[in-house]
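Written below as structure tokens is the structure these notes are about.
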Amino acid sequence: MIKTEALSFSYDGCTPALREINLELRDGEFLALLGANGCGKTTLLKHLNGLLKPSSGRVFLNGKELRSYKDEEIFKQVGMVFQDPNDQLFGATVRQDVAFGVVNMGLKPDEVARTTDEVLQLVGGAGLPDKAIHTLSFGQKRRVAIAGVLAMAPKTILLDEPTSSLDPRGVSSIMRLLRKLNKESGTAMIMATHDVELVPLFSDRVVIMSNGRIITEGPPGKVFADIDMIRKAELRLPRLAHLVEVLQKEDGLPFMSTPLTIGQARRELLSLLESRSYQKAEGISSHVRIGEPADDT
Amino acid sequence: MIKTEALSFSYDGCTPALREINLELRDGEFLALLGANGCGKTTLLKHLNGLLKPSSGRVFLNGKELRSYKDEEIFKQVGMVFQDPNDQLFGATVRQDVAFGVVNMGLKPDEVARTTDEVLQLVGGAGLPDKAIHTLSFGQKRRVAIAGVLAMAPKTILLDEPTSSLDPRGVSSIMRLLRKLNKESGTAMIMATHDVELVPLFSDRVVIMSNGRIITEGPPGKVFADIDMIRKAELRLPRLAHLVEVLQKEDGLPFMSTPLTIGQARRELLSLLESRSYQKAEGISSHVRIGEPADDT
Amino acid sequence: MLNKGAHWFRTHIALALALALGLLFLYPAPVYAMHIAEGILPANWAAVWYVPAILFVVIGILIIRRKTREVRGIMPLLGIAGAAIFLVSVFPVPVPVTGSCSHPVGTPLGAILVGPFISTVLGAVALLIQALFLAHGGISTWGANIVSMALVGSFVGFGAFVVFRKLNATIFVAAFAAGLFGDWATYATTSFELASALHGAGSLWGMFGAITVAFAPTQLPLGILEGLFTGGVVTLVYQRRPELLSRIIPNVFKPVPSAIEGGSK
Amino acid sequence: MFDSSHIFSDSFAHKENLVTGIEARTKVAFTVIALVINLLSPTVYTPLAIALFCLAALIAIGIPSRLLVLRLAMPLVMAGVVVITQIFFYGTTALFIIPFWGFNLVGYEEGLARGLLIMSRVIGGVSLIIFLSMSTPANKLLLAAAWFRVPKIFIELTLLVYRYIFVLLEEIITIRDAQRVRLGYYNWRRSMRSLSILGGSLILRAYDRAERVFEAMIARGYTGTMTIAYTEHFGRRDFVAAVCLSAILAILYLIGQVQA
Ligand SMILES: Nc1ncnc2c1ncn2[C@@H]1O[C@H](COP(=O)(O)OP(=O)(O)OP(=O)(O)O)[C@@H](O)[C@H]1O
Ligand SMILES: Nc1ncnc2c1ncn2[C@@H]1O[C@H](COP(=O)(O)OP(=O)(O)OP(=O)(O)O)[C@@H](O)[C@H]1O
Ligand SMILES: [Mg+2]
Ligand SMILES: [Mg+2]
């Protein structure tokens, strides 16, 4: 569990990059961090594992203040995946790179080898171990970067825009991997991102930042219902929510809620159609299934 | 007008990065280039202005072979915005950087100054000229990079993922700028991107690459109708198209076409509703306006 | 003269050692001991050091100018290499015993990567930027600093590297030697520059000895650190992209191809 | 170091005020001449007057005094060493004697005087340099140098170096952080190893980036050298400023002469 209390920070001592941030990441939670370029997402993440030290305010890890921990203790518990995998991969081969953190933790060579193979398997990089880093594709690099963090088995992972510059297939497979880890091993995740289409599908909670402050937070459905707030944070609505908003405002159609996933949108539309078309109502309603979005990302 | 004929290329002489590409970019066209990571988009773009030389096949600029031109002649006509603005901005200040190309074209100092101010105005960077590059935000750097290319007034601009890592507001303003240039000055654009939500809104034509080949091309509506092809190229459908696809397949609802923009989706849904709800049909149909997506991106 | 200096040195050695130890604990964490600050050298000595500095920098510039005609991409390459050398020379290298940090000279590494003359020019650029914007070094002492850090560092480092390679040393050992001797030579030159300007009526060698000893506790280990650092960097570059190194010094990398295990290409 | 080095002195030069408004060539000429006067001064008064003038001007335009102290601290440590060597090794008139392990350490009067003179020159000289660099953006400074016939290639190189220091710095910070979170700096041995990897990655990146930068440059008409021209206009205001600064120079020079 990570918590910040009135956390403020400025890089140069005058213009604040973070202002009075109060945030709590609970165990096993998947939290999304949204906000415009330069609003302070990366800066905030770097405070959560002590890479940056607050100008004022405090950060707690499991109820104890972060600065009372030794560096190693923090980094074993809190992993971080950086925005650019090229920054993060410094080994000569994939195996060497993934092993970097584990070796530093002082494991024995055979344990290191086992862990390395295991996590590479997990991220779908079983065939990669002996490849040189610079021959990997971007998506592969991203997976290896995540593997290197997983190898250290942290309870919490901080992810800085893990999907930028990836192709849609890559985005969806990385996100599925992350969700699986979150659900199965209970790893808490906090993910900074610009992708408003993706967030609702994966996160338990959304935090929106603007200008160094947290301006709103809550479950995706609630946060995206406040359109003015979204606009203020230089974001946009997910496409489907936007469609429904237009239909509501311009055409006066009655919707029950703002849908964020394809599953939700489908339900909304079907129930709308049902209420309108008396003669075919029964035929359609039998089709309505409520479920997770299938291959949605 | 740029044209390639059976263009093939490999970086190391054995694994081909481009295979037999035949592509034509007409004057004033806005073309989107889609494809998975590593499919060869960047490589293709670099052939269109001669930064890379084909291993086999030919490239034509205005009907004449590219290699018969002098470098300067090509670069005056074909500008390129690189993926990472940090690669592209090498001046010490914004003004110096934007002026770089124009100075090289041999304009007089006062003309240089005028052009520089003009294009900075155009990209929304009127307040920037005297700032040092390293003090700019990512979005500002992107704008300055585009300004540097615009200053040379090329007839064609090659854009390599101009929206990656930008926040939604930034994406929308850059894309609006590009569309404006395309429509008003008739500048032809070819844009490599991963953003399937965006493409349909802006492009006249979509080209999809996979593994160094062009696997399909055509107007967005037609290309995105071929779902299998899209999946094969590791892409995904735009959200709205996906929704309609699900409604069609799972619920058997009759749609006329696959909508790509919010405007299209709205029309489709309204006409569906109209055909179902006899009693309210007229009230709704008067609302149906056919138009461009408003604040859509 | 030398004898007298040695005698003088013996009688003052306790003082020098005391000074050195005292300073060791007075140093603020990052040490830039090797940059001679603005104002320390008297005008005539400052001018003297400008002579060799300008000579070598001009030769370097002429070489670069010739290369710009052959290889058009050389300017951005050198610009970025210069930035890399600048940053390497402000790398905080942890010093084991004191727990503080110090900084490599960087030019021996630069010389291995781009050749000694060009490395001298890049070193001069880095020193100018440090002098102007970080107040490390100075303008009147720029010449002296170019000589000790850019010129001597580059040439001694490069020479050591070539000699050790000729002796069939591994890449790591040769680069280690380059870093070690380049760093120590820089330190000796700086001490000499200070001593020659400041000894006044006293003995030049005595003053040289005193300054050498005063800075020895940090500079001797720092030479070893610079050696380790240079060795590590060059080995890594060689493992990953051998072609980058052989582009600069074609023959030096050929003799012992198997010296480094596990190159990735 | 990395975390504070973004405070390059010239980050203050982009604000508009009286001192940054002075035309760059004038300031460069002023600084160089004043440096010579500072170095040739026979007494401590000229250097101290120079320091007073520069630091007052900088504080007047809102430079934090903490930063001025920081910039002066490092050269002063070195000057301190020099002062001590001068006190004990220079001169004939004994000032004080410290018995020390059976030796007598003699401090000399001439040495002290000379040490103090050098110390004052350091303070004066460093003040002048930060006066110049905190009030003039790097780019203007270098263009002014080009106007004074410094070789174009050198200027071009310095401009590129300056620009890419920031780009590479950002990359270094990220790589180093990435190493830290994977315990790369856990003890000294690992630190050295991680540092070598960091330095090596930096070099490789520099090469790769150079290739991409070159492509971007030729795509904008680069033919091998950049066109560097000093375009700023020398107006009446600049003339007045130049006259004032010359007067100040004369005064500074005379302070030294009169006292001597
Ligand atoms: N190293 C630095 N030195 C000085 N200022 C910085 C530094 N890094 C970031 N900033 C500033 O701090 C603010 C927050 O930056 P941060 O990188 O946290 O934003 P972000 O939300 O991660 O943006 P992005 O979406 O572009 O990654 C910005 O205004 C930025 O200019
Ligand atoms: N400099 C290079 N040397 C060798 N191979 C390269 C080089 N650049 C790219 N490649 C290879 O060529 C292929 C095409 O790369 P390209 O950069 O054109 O892909 P892309 O479509 O732009 O991908 P992305 O979406 O990740 O930018 C890839 O397999 C890549 O590994
Ligand atoms: Mg960020
Ligand atoms: Mg690409």
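Computed from heavy atoms alone, side chains included, the values below leave out hydrogens, waters and symmetry copies.
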Worked verdict on B:Leu253 versus A:Leu270 for side chain to side chain contact (heavy atoms under 4.5 Å, CB included): CA-CA 10 Å; B:Leu253 294 183; A:Leu270 290 175; 4.0 Å; yes

Kindly say whether A:Asp167 contributes a backbone atom to a donor-acceptor pair with the side chain of B:Asn37 at under 3.5 angstrom? yes

If you compare all heavy atoms of B:Asp251 against all heavy atoms of A:Arg266, which two are closest, and at what distance to 0.1 Å? OD2-NE, 2.9 Å

Honestly, the part of A:Leu166 sitting under 4.5 Å from a heavy atom of chain B is both

Please report the interatomic distance CD1(A:Ile262) to NE2(B:His242), rounded to the nearest 0.5 Å. 4.5 Å

Which answer fits A:Gln140, side chain, backbone, both or neither, if we ask what part of it has an atom under 4.5 Å from a heavy atom of chain B? neither

Which distance, rounded to the nearest 0.5 Å, do you find between the NE2 of B:His194 and the OG1 of A:Thr163? 11.0 Å

Below 4.5 Å, heavy-atom pairs only: which of A:Ser165, A:Cys39, A:Gly35 has the largest tally toward chain B? A:Ser165

Criterion side chain to side chain contact (heavy atoms under 4.5 Å, CB included) against A:Pro168, the qualifying member of B:Ile230, B:Leu235, B:Leu237: B:Leu235

Between B:Arg231 and A:Arg169, which heavy-atom pair has the shortest distance, and what is it? O-NH2, 2.7 Å

What part of B:Leu243 gets within 4.5 angstrom of chain A, counting heavy atoms only: side chain, backbone, both, or neither? both

